[in-house]
There are 2 protein chains.
Amino acid sequence: MAERISEAELAVMEALWASPVPLTAQEVHDRIGDARDWSDRTVKTMLGRLLAKGVLAHEEDGRRYLYRPAVKRDAYVAGESRRLVDRLFGGRAAPLVAHLAEGEGLSPQDIAELEALLKELKA
Amino acid sequence: MAERISEAELAVMEALWASPVPLTAQEVHDRIGDARDWSDRTVKTMLGRLLAKGVLAHEEDGRRYLYRPAVKRDAYVAGESRRLVDRLFGGRAAPLVAHLAEGEGLSPQDIAELEALLKELKA
DNA sequence: TCATTACGATCACAACTGTAATCGAAGAGG
DNA sequence: CCTCTTCGATTACAGTTGTGATCGTAATGA
């Protein structure tokens, strides 16, 4: 498990995560349309690879497939976040936030949300 | 600029970032020794690629090279952090921290540090 | 029924990665 | 001087990624 999802593949996963129902390859292609200028073949390739990696599932719908995520977005995102924190910050989150802050990366809204979050964590 | 550094290459960069003086390929190999079981050839390859990417600089020391980072660790780390936050959290940091918190990823120390950090940011 | 279309499956191909081995020149040792 | 070692440079080679094209087959429309 825990096969890595590449950057391009992520676009496909996002389309599927965003849909409450399984999608055909066509539909995935349509929904990605804006973000990436991909041919439908490229999307098919991505779908095939993601299936092979086991992060997608498919059910047959006549002669087509309907694709659906086999891993939750939350799990993926949590894993990636942890990887980054482990690789670059010795596993500790505070320095990450500090870095984001330095680079103008934190909006006042972010700061407010973080405060609320911390309050909750301490409770 | 801003060439991407691969995971394996990062080990080499860390060795150089950790040294106050430029290092020979041999020395880099020695310092990595623990973490990765690499042949000296492999380390040379990494050094060559990092040079080509422009993230390392070298000066000649007789017949050898002394290698030294050409980008600051801080800059690299900030860039990678931003990439992650952009890709997975729509550019906002708060959800990242929330995810880390969910996965038991935040120690009490982390939380304390974050609080201190936020206090400073508001000042 | 026959050509066209719509699918999934398979193949293509260059760039990047991980992990080295080989080559040619410069020093070091005898 | 000649050989052995040491460097950097070049080459290797399989796996992944980004981007598609081709193939075979099943459905569809004329």
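As the structure is a prediction and not an experimental result, all values here were calculated from the model. Residue numbering restarts at 1 for every chain, and letters A, B, ... go by the order of the sequence lines.
- In this structure, of dG18(D), dG18(C), dC7(D), it is dG18(C) that holds the atom nearest to the side chain of M46(B).
- Closest-nucleotide positions on DNA chain D for A8(A) and L51(B) were compared, and the one nearer the 5' end corresponds to L51(B).
- The aromatic rings of Y67(A) and H58(A) sit parallel, their planes meeting at an angle under 30°, below the 60° perpendicular limit.
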Distances under 3.5 Å only, N/O to N/O: pair up the protein atoms with those of nucleotides 4-6 of chain D.
residue : atom : partner : partner atom : Å
dT6(D)  : O2   : R63(B)  : NH1          : 3.2
dT6(D)  : O2   : R63(B)  : NH2          : 2.5

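- Residue-to-nucleotide contacts include no donor-acceptor pair under 3.5 Å from the side chain of R36(A) to the base of dG18(D).
- Crowding of E59(B) atom CD: a count of heavy atoms from other residues, nucleotides or ligands under 6.0 Å exceeding 12.
- Around atom CG of D61(B), more than 12 heavy atoms belonging to other residues, nucleotides or ligands sit under 6.0 Å away.
- In terms of heavy atoms, M46(A) sits closest to E9(A) at SD-CG, 3.6 Å.
- For Y65(B), the side-chain atoms get nearest to dA9(D) when compared with the rest of dA12(C), dA9(D), dA9(C).
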Distances for protein N or O near nucleotides 21-23 of chain D N or O, under 3.5 Å:
residue : atom : partner : partner atom : Å
dT22(D) : O4   : R41(A)  : NH1          : 3.4

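- Among the atoms of the strands shown, only primed sugar atoms or phosphate atoms (P, OP1, OP2) are found under 4.0 Å from some heavy atom of S6(A).
- Between T42(B) and dT19(C) there is no side-chain polar atom (N or O) within less than 4.0 angstrom of OP1 or OP2.
- Whole-Å rounding puts the R4(A) CZ to dT17(D) C1' distance at 12 Å.
- Residue-level contact check: D37(B) touches the backbone only, with heavy atoms under 4.0 Å from sugar-phosphate atoms and none from bases.
- Mapped onto DNA chain D by nearest heavy atom, E7(A) and G48(B) fall at different nucleotides, with G48(B) at the one closer to the 5' end.
- We find that CD of E9(B) is positioned 6 Å from P of dG18(C), with the value rounded to whole Å.
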